[in-house]
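Encoded as structure tokens, the structure appears first; notes follow it.
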Amino acid sequence: MPKQIGRSIKQVDLRAAKPIPKKADPELLTKEHQVWRAAVLRLAGHRCQAIENGKRCAVAAPSRLFADHIIERKDGDPFDVRNGQCLCGMHHSLKTADERAKRMAIRY
């Protein structure tokens with residue numbers, strides 16, 4: 001029987017690896033942004049504004065809701081409530097992924 005060589009590469013237990021701590025964008029912590037966020041949620045009736053199959057999403061407070069910029073902050077007025085929409089977590093994630101894919105397509 002041939003002699004086996006032991007593992008030369010150590011395995012890393014990824015369950016013990018700690019994720020990089022998230023850092024909030026400083027602009028999102030300003031009083032001006034907090035006022036904008038409250039206004040966007042209030043105007044939406046604290047209910048997700050996404051439309052699917054002709055119906056408005058039923059997710060509402062107390063579920064977590066996001067005040068989302070329709071046109072990204074860097075491309076428009078970040079504190080104009082007309083540029084805001086209230087989205088639930090799922091719809092915010094879908095929009096974010098879609099916008100990221102569009103930006104990546106433009107790059108390449």
Side-chain angles (χ1 to χ4, degrees):
M1 240 175 140
K3 187 175 180 180
Q4 288 187 334
I5 301 173
R7 290 186 183 178
S8 60
I9 300 173
K10 292 184 180 182
Q11 289 184 333
V12 177
D13 183 0
L14 296 177
R15 294 173 296 179
K18 297 198 183 218
I20 298 170
K22 281 182 87 172
K23 290 184 182 177
D25 182 334
E27 184 180 305
L28 301 179
L29 301 175
T30 65
K31 182 70 175 169
E32 196 172 21
H33 183 270
Q34 292 172 0
V35 169
W36 175 84
R37 181 183 185 281
V40 168
L41 296 181
R42 186 179 63 253
L43 288 170
H46 294 273
R47 186 170 157 219
C48 181
Q49 293 178 284
I51 306 293
E52 279 190 20
N53 301 321
K55 293 184 180 180
R56 185 174 174 185
C57 179
V59 176
S63 294
R64 184 172 183 197
L65 298 169
F66 295 82
D68 177 71
H69 289 86
I70 298 166
I71 298 171
E72 291 189 45
R73 289 181 292 153
K74 65 180 180 179
D75 297 329
D77 181 354
F79 302 117
D80 182 353
V81 293
R82 294 171 296 179
N83 185 33
Q85 64 182 341
C86 179
L87 295 177
C88 66
M90 180 187 75
H91 286 112
H92 185 260
S93 294
L94 289 171
K95 180 182 180 267
T96 300
D98 186 50
E99 293 298 322
R100 186 172 292 139
K102 287 178 189 173
R103 281 195 308 273
M104 295 303 287
I106 291 169
R107 282 182 161 173
Y108 299 105

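Rounding to the nearest 0.5 Å places CG of Leu41 at 11.5 Å from CD of Gln85. Taking CG of Asn83 as the start and CH2 of Trp36 as the end, the distance is 7.0 Å to the nearest 0.5 Å. Considering CD1 of Ile51 and SG of Cys57, their distance stands at 9.0 Å, rounded to 0.5 Å. Separation of atoms NZ (Lys95) and NE2 (His69) is listed at 9.5 Å; rounding is to 0.5 Å. Once rounded to the nearest 0.5 Å, the distance linking NZ of Lys102 with CD of Glu99 reads 4.5 Å. The CG atom of Leu94 lies 9.5 Å from the CG atom of Leu87; values are rounded to the nearest 0.5 Å.
For the pair Ala67 and Arg37, the tightest heavy-atom approach, listed with the atom from each and the gap, is CB-CG, 3.5 Å. Considering every non-hydrogen atom in both Ile70 and Gly84, the closest pair reads CD1-O, 3.7 Å. The nearest pair of heavy atoms linking Leu65 to Ala60 is CD1-C, 4.3 Å. Considering all non-hydrogen atoms of both residues, Ala39 and Val81 come closest at CB-CG1, 3.6 Å. Closest non-hydrogen pair, Ile71 versus Gly76, comes out as CG2-N, 4.3 Å.
At distances below 3.5 Å, not a single donor-acceptor pair connects side-chain atoms of Arg47 with backbone N or O atoms of Ala58. Checking side-chain atoms of Gln49 against main-chain N and O of Cys86 turns up a donor-acceptor pair under 3.5 Å. Of the possible polar contacts, one joining the Asp80 side chain to the Arg82 backbone as a donor-acceptor pair under 3.5 Å is found.
Across His46, His92, His91, a single residue satisfies ring pair (Phe, Tyr, Trp, His ring centres under 6.0 Å) together with Phe66, and that is His92. Results of the side-chain contact (heavy atoms from CB on, under 4.5 Å) test with Pro78 over Glu72, His33, Arg73 single out Arg73 as the only residue that passes.
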